[in-house]
Amino acid sequence: IDKVSNIADLQKLMIDTEPYGGVGFFGVGVGSHPKNSNLNAGYLSNAGLGLSRDYYVDQDDDTKAKREKYRAHIAKMMMYLGETEEEAKKNADNILAFETRLAEPRMNKVDRRDARKRFNPKSMSDLAEMTPVIDWPTYINGVGMKNLDTIIVTDPGYFIALNEILEEGNISDWKNYL
């Protein structure tokens, strides 16, 4: 993570860690094709966050209280990494804000339950249009999915928003999140 200084470094980190469960903003997998059970398909999905989406975006008192507990947890983890309490609290605020930006464009839990909304086959050129900041051929080949011409994107809105977030180039935000 410390070696990440640009999008290419971030992508290399994501490729290198994919065999171990991955780290970063998205991941790939293989599963049965939802329209033809005789086929397997590649899937591209957003990566998990510390909380489920609703805990970032909902504004009821219970959710706000849980978000504050999560912020305190992040700060505690940062202190285990050697940060002062002040640094840890500041970074916890930044991480929570960054994760909130990653959570907002994701499908809500109702939409995620609808398999039709998660079925979005995309060509490599479609991916390049959706999220051009990522070098998709390098990533897809790097994680071992050779000769892939189509991949099912489970949440296209997320990948469109992710492009904007990554294009900003806030490398310190990436590193803190990772």
Side-chain angles (χ1 to χ4, degrees), residues 10-11 13-14 17-37 39-78 91-124 126-134 136 139-140 143 145 148 150-168 170 173-178:
L10 176 64
Q11 187 165 313
L13 175 67
M14 292 176 66
T17 60
E18 185 67 29
Y20 309 102
V23 63
F25 300 92
F26 53 84
V28 295
V30 176
S32 61
H33 193 288
K35 305 250 181 202
N36 183 347
S37 61
L39 298 175
N40 285 323
Y43 287 84
L44 178 64
S45 301
N46 50 35
L49 296 171
L51 302 171
S52 65
R53 178 192 179 274
D54 295 343
Y55 286 109
Y56 294 97
V57 299
D58 288 354
Q59 297 302 318
D60 60 274
D61 289 341
D62 183 57
T63 301
K64 287 178 182 179
K66 287 183 172 82
R67 214 169 20 243
E68 287 309 310
K69 288 179 181 179
Y70 180 57
R71 182 190 321 265
H73 171 73
I74 295 170
K76 186 175 182 180
M77 295 300 106
M78 300 306 275
N91 281 329
D93 289 342
N94 291 339
I95 290 167
L96 184 59
F98 189 71
E99 287 186 4
T100 300
R101 286 191 66 202
L102 293 172
E104 288 169 337
R106 294 172 184 229
M107 285 185 198
N108 63 38
K109 60 187 171 189
V110 173
D111 288 341
R112 280 193 320 270
R113 288 184 201 125
D114 187 339
R116 296 167 298 184
K117 290 183 180 179
R118 292 189 322 269
F119 180 71
N120 303 285
K122 302 290 181 189
S123 68
M124 293 300 110
D126 292 338
L127 278 179
E129 279 184 37
M130 195 168 39
T131 315
V133 71
I134 301 296
W136 289 110
Y139 178 79
I140 296 295
V143 297
M145 298 179 114
L148 189 67
T150 302
I151 193 164
I152 298 170
V153 178
T154 60
D155 192 344
Y158 170 77
F159 285 93
I160 293 166
L162 179 63
N163 190 74
E164 181 180 316
I165 292 167
L166 293 178
E167 272 188 333
E168 291 171 2
N170 292 328
D173 285 348
W174 305 351
K175 289 181 175 184
N176 277 335
Y177 165 71
L178 295 171

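Small disclaimer: the values here were computed from a predicted structure and weren't measured.
- Closest heavy-atom contact between Y56 and L96: CE2-CD1, 3.8 Å.
- Between R118 and D114, none of the side-chain N atoms (NZ, or NE/NH1/NH2) sits under 4.0 Å from a carboxylate O, so this pair counts as no salt bridge.
- Rounding to the nearest 0.5 angstrom, the gap separating the CZ atom in R101 from the CG atom in N170 is 7.5 Å.
- At least one side-chain heavy atom of V28 sits less than 4.5 Å from a side-chain heavy atom of E18.
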Requested in this report: Test side chain to side chain contact (heavy atoms under 4.5 Å, CB included) on V57 and N108 and set out the steps.
Outcome: CA-CA 10 Å; V57 299; N108 63 38; over 6 Å; no
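- Put simply, OH on Y43 and CE on M145 are 10.5 Å apart, with the number rounded to the nearest 0.5 Å.
- Contacts classified as salt bridge (charged side-chain N to carboxylate O under 4.0 Å, His left out) and involving residues 39-54 (residues at least two apart or in different chains) are given here: D54-K109.
- The two atoms that bring P34 and I152 nearest to each other are CD-CD1, 3.8 Å, heavy atoms only.
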Report task. Assess whether side chain to side chain contact (heavy atoms under 4.5 Å, CB included) is satisfied between N176 and M78, documenting all intermediate values. Result -> CA-CA 9 Å; N176 277 335; M78 300 306 275; 4.0 Å; yes
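- Ring planes of H73 and Y70: parallel class, angle under 30° (limits at 30 and 60°).
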**Report entry** Residue pair I134, Q11: steps toward the side chain to side chain contact (heavy atoms under 4.5 Å, CB included) verdict
**Finding:** CA-CA 7 Å; I134 301 296; Q11 187 165 313; 3.5 Å; yes
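- Among all heavy-atom pairs drawn from A75 and A92, the shortest one is N-CB, 3.7 Å.
- Atom-to-atom distance recorded for Q59:CD and R67:CZ is 5.0 Å, nearest 0.5 angstrom.
- Rounding to the nearest 0.5 angstrom, the gap separating the CH2 atom in W136 from the CG atom in D126 is 12.0 Å.
- Between atom OH of residue Y158 and atom OG1 of residue T131 there is a gap of 9.5 Å, rounded to the nearest 0.5 Å.
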Query raised in the report: For F98 and I165, what are the C-alpha separation, side-chain angles and deciding distance, and is it a side chain to side chain contact (heavy atoms under 4.5 Å, CB included)?
Result: CA-CA 9 Å; F98 189 71; I165 292 167; 3.6 Å; yes
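- Using a distance-only test at 3.5 Å, with no hydrogens or angles considered, no donor-acceptor pair links the side chain of D58 to the main chain of D60.
- For F25 and Y177, the distance between ring centers is under 6.0 angstrom.
- Residues E168 and W174 are not in side-chain contact: their nearest non-hydrogen atoms beyond the backbone lie 4.5 Å or more apart.
- Here the side chains of R71 and I95 are not in contact, with every heavy-atom distance at 4.5 Å or above.
- With a 4.5 Å cut-off on side-chain heavy atoms, K122 and L44 do not count as touching.
- Checked for salt-bridge contact, R106 and D155 miss the test: no charged N lies under 4.0 Å from a carboxylate O.
- Across N120 and P156, no two heavy atoms sit closer than the pair ND2-CD, 3.4 Å.
- Residues K66 and D62 share a closest heavy-atom pair of NZ-OD2, 2.7 Å.
- Within a 6.0 Å radius of OH in Y55, other residues, nucleotides and ligands contribute 12 heavy atoms or fewer.
- For the atom pair NZ of K175 and CG of L13, the computed distance is 10.5 Å after rounding to the nearest 0.5 Å.
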